[in-house]
Structures are given as C-alpha cells and as structure tokens.
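Step one of this worksheet: look at the structure below.
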Amino acid sequence: MYTKPTSLTEFILEEERQFTDATGGFTLLLTQLAYATKIISSHISKAGLVDILGSSGTKNVFSDDVQKIDIFSNSVLVDILSATDQVATIASEELEEPIQVNDNGKYIVYMDPLDGSSNTAVNVSVGTIFSIYRAEKGLLQKGGQQIAAGYVIYGSSDMFVYTCGQGVNGFTLDPSIGSFLLSHPHITIPEAGATYSVNEAYSPLWDVSLQNYIASLKTTQNALGKAYKARYVGSMVSDIHRTLLTGGIFLYPKDQNNIDGKLRLLYEVNPMSFIIEQAGGRTLSNGKSPLTITPSSIHQKVPIVLGSPACVAEYEEKVR
Ligand code: AHM
Ligand code: MG
C-alpha cells in the first residue's frame, strides 16, 4: 500500500494553521529557506569539480578565513530570504553588520550560512544554521524569544531539522524529487548517551575541574552503564546532530586563550540550544541555559555544554 510521505511544506503549513492570525508568511519564509539550502547542497556536492573550494582571500568579522563557499551560501540565503518580503533584518555570521531588508517584514533571521565550511575541502558534513525572531522586539533578544530555529546538515543524506517550539522534527531530502520529507518525527534526545564530544587538544588550557571531568569519563560508565566514547567532527552541525539522535554531551568550553569559547550565541548556540531543549535535552552556558542570556552584541561568543539530561547533570556535578 502506498503511504504518502509528508513534505516539509505540508508540515509547516499544518503547524501554521494552528495560529488563527497566521497569514502564510511564515510558511513562505521557512519553505524558501529550505529552497535556498537545496541550492547550497547542490553546490557543495560539486565541490571538487568547480572552483568553489578554498579561501576567498578575505577574513570575516572574527578574522576567520572566508571560504568561497561561505560567500556563495550567504548570498543565496540573503537573496532568497529577501525576496519573500517577510524579513525585516538578516544578521549573518559572515557579515559585520545586519542587513535591513524590508521595513514591513515581520521577522529577524540570524544565520550561519555554512558552518564548518573548511570541512568541505575534505568531504566532511557541514551545515546551515538559522534562528528566527519577531522583528518588533529588536535585534538583541534572548534565545528564549526565538519563534523557530533549525539546521540543515549536508551529509551522506541532507536533513532539515527544526523546531517552532512544539517539539523537533527532521526531514530528509529525497534527491529524486527534490523535496524534504518527514523522516524523523518528534525527535527526542536519549536520556543518556555514551559519547562525549569536545576538542581535547585544548585541554591544557581548560580549568582543572573540566580537565578532571573529561578524564573521569574515560574510566567511568554513563547512566546506562556503558563506557564513554569520544567523537568530535569539528563541524558543529554534525556533532550536534549526532548528539541529538544518539545522546551524549557536546562541549565548546572557555579556555585560557578564549574566555568565551568560540561559538556564537546568536548564530550557533541559541538555535542549537532551542532544538536540544525542545528535544528534551539540557544546555548550559556559564551555569545557565544560554536561552536566558540577554545578548550584548550580535557577534557575541559564549561557552556551551549541551546534550542528554543525565550527561549534562553529571557535568554540572563535577565541573565548577
Ligand atoms: P565556523 O563558523 O568558522 O565554520 O567555525 C565553527 C566551527 C564549528 O562547526 C565547530 O564546532 C568548531 O568550529 C570547531 O572548532 P575547533 O576547530 O576550535 O574545535
Ligand atoms: Mg559557524
């Protein structure tokens, strides 16, 4: 018997119908965002064939080398989102200043157009991260005010994972029809997991309690009685996607050289924290949920720990 799959567009429409004052504008915004990611995906898949790999020769606001593919992804998203007329402002990790798009737009979009882009040179999964707020409350809103957040992972298959505050759902791209189809309904993070994910090369620069905690994971078992494994791709979307589906803990902590860590509150930490919390997980930045932080600037960085509730509780107990 044929069971019709649910497309991302159908799913978003259904979610929006639950709001009596909905106009369809939000559905348009999200579906066009998904369209932009399909273009990015198609471009990435040709990475070795066309001249898109490597540095563009410029630096972004964080003095990171800007890859050509970052510029491409940023332009695609800015062009497509602007054309929806729904967006007032776009703030991108790749742009020093936010772009004022449409005075009548109802939404602010924060985005990391291609997180972990240098990984494309070695065929490792990367992703687009987005976070959406209502425009009237301004740019520097707490993460708890997000009305939607999500990511697209460009991997062995492409997936669109998002939340509108009513749980987390995942859609896999069927390349033969060019549509994201519901494949992972109601994603819930496991209560505990056997994976810790952190760049351990920086451990000499960590606080002693963090060094001791990570060392302890090598000789103890998790809440389910399993030994821990280390997994760190160095591509946040991949590391969080794995943590979301299989549980465990992901950390990008502060260290002596980077007192706020590396990851950006508005482009990376808040959207991922919204998803993890909506999936039943926990998130911590300096002892509290990052979703409670009032941002001081659009490019602010914060340390982050997130994952399965039991794993984050164990971290909380051991790290001061
Ligand atoms: P980017 O936004 O410049 O691509 O950097 C963010 C990436 C994340 O995907 C990843 O979690 C982190 O950088 C890895 O950093 P490190 O190499 O310091 O472990
Ligand atoms: Mg990034």
Side-chain angles (χ1 to χ4, degrees), residues 37 40 44 47 52-74 77 90-96 109-131 143 149-155 159 161 195-206 210 214 230-244 248-276 283 285 290 297-307:
T37 65
I40 295 170
I44 292 171
I52 53 170
L53 288 177
S55 169
S56 64
T58 56
K59 305 256 180 212
N60 71 7
V61 279
F62 303 98
S63 304
D64 298 334
D65 221 10
V66 173
Q67 307 280 313
K68 284 181 225 166
I69 199 141
D70 286 316
I71 296 175
F72 173 83
S73 306
N74 188 67
L77 280 158
I90 298 173
S92 166
E93 194 194 287
E94 296 304 329
L95 302 171
E96 193 157 353
V109 179
Y110 276 91
M111 63 184 191
D112 184 350
L114 200 61
D115 183 69
S117 53
S118 59
N119 288 298
T120 48
V122 288
N123 228 326
V124 166
S125 302
V126 291
T128 294
I129 309 172
F130 63 91
S131 165
Y151 60 82
V152 177
I153 182 164
Y154 309 107
M159 273 190 75
V161 177
T195 304
Y196 72 91
S197 187
V198 66
N199 191 336
E200 238 178 316
Y202 305 138
S203 61
L205 303 171
W206 294 343
L210 179 59
I214 294 292
R231 291 284 185 274
Y232 188 72
V233 180
S235 174
M236 187 194 195
V237 178
S238 310
D239 284 316
I240 303 276
H241 188 64
R242 184 197 56 249
T243 306
L244 176 67
I249 190 161
F250 169 86
L251 309 93
Y252 205 111
K254 66 176 181 182
D255 63 37
Q256 279 167 28
N257 293 344
N258 299 294
I259 52 161
D260 295 316
K262 174 182 182 186
L263 300 176
R264 296 77 173 178
L265 176 64
L266 286 149
Y267 308 107
E268 293 159 330
V269 171
N270 275 344
M272 292 308 199
S273 298
F274 190 21
I275 289 169
I276 292 291
T283 67
S285 181
S297 76
I298 61 167
H299 294 303
Q300 182 179 358
K301 296 178 183 181
V302 292
I304 180 68
V305 175
L306 56 78

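When a ligand or atom number is given, it counts from 1 through the structure's own listing order.
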Query - Atom name of the N, O or S atom in E93 that lies nearest to the Mg ion (ligand 2) - result: OE1

Query raised in the report: Which of the atoms of ligand 1 are close to E93, meaning less than 4.0 Å from one of its heavy atoms?
Result: 2 (O)

Query raised in the report: After noting the C-alpha distance and the side-chain angles of L244 and Y151, does the key distance pass the side chain to side chain contact (heavy atoms under 4.5 Å, CB included) rule?
Result: CA-CA 12 Å; L244 176 67; Y151 60 82; 3.5 Å; yes

Report task. Return yes when Y202 approaches ligand 1 closer than 4.0 angstrom through a heavy atom, no otherwise. Result -> yes

Query - Atom name of the N, O or S atom in D112 that lies nearest to the Mg ion (ligand 2) - result: OD2

Report task. Consider every N or O of S235 and every N or O of ligand 1, then say whether any pair is closer than 3.5 Å. Result -> no

Report summary line: Here the pair of heavy atoms bringing W206 nearest to P253 is NE1-CG, 3.7 Å

**Report entry** Angle subtended at the Mg ion (ligand 2) by D115 OD1 and E268 OE2, rounded to 10 degrees
**Finding:** 90°

Query raised in the report: Can a donor-acceptor pair be found between the side chains of T128 and Y154 at a distance below 3.5 Å?
Result: yes

Query raised in the report: Is there a side-chain contact between Q300 and L266, using heavy atoms and a 4.5 Å cut-off?
Result: no

Report summary line: In terms of heavy-atom contacts, G155 and S125 come closest through CA-OG, 3.3 Å

**Report entry** Distance-only donor-acceptor check, side chains D70 and S117, under 3.5 Å
**Finding:** yes

Query - Residue pair R231 / D239: nearest heavy atoms and the distance that separates them - result: O-OD1, 4.0 Å

Report task. Would you kindly specify which portion of E200 sits under 4.0 Å from ligand 1, judged on non-hydrogen atoms: side chain, backbone, both or neither? Result -> neither

Query raised in the report: For ligand 1, which atoms have a heavy atom of G234 less than 4.0 angstrom away?
Result: 9 (O), 10 (C), 14 (C)

Query - Which atom of T243 lies closest to which atom of G248, heavy atoms considered - result: CG2-O, 3.8 Å

Report summary line: Note: ligand 1 atoms sitting under 4.0 Å from heavy atoms of D112 are 2 (O)

Report summary line: Near E268 (heavy-atom distance under 4.0 Å), the atoms of ligand 1 are 2 (O), 6 (C)

Query raised in the report: Any side-chain heavy atom of N257 sitting closer than 4.5 Å to one from Y202?
Result: no

Query raised in the report: Taking both backbone and side-chain atoms of L114, is any N or O found less than 3.5 Å from an N or O belonging to ligand 1?
Result: no

Query raised in the report: Taking distance alone, with no angle check, do G116 and ligand 1 share an N/O pair under 3.5 Å?
Result: yes

Query - Contacting atoms of ligand 1, where contact means under 4.0 angstrom from a heavy atom of N199 - result: 16 (P), 17 (O), 18 (O), 19 (O)

Report task. Identify, by atom number and element, the atoms of ligand 1 in contact range of Y232, meaning under 4.0 Å from any of its heavy atoms. Result -> 14 (C), 15 (O), 16 (P), 19 (O)

Query - Between R242 and S197: side-chain donor-acceptor atoms closer than 3.5 Å - result: yes

Query - Part of D239 within contact of ligand 1 (heavy atoms, under 4.0 Å) - result: neither

Report summary line: Of R264, M236, K262, the residue with the heavy atom nearest atom 12 (C) of ligand 1 is K262

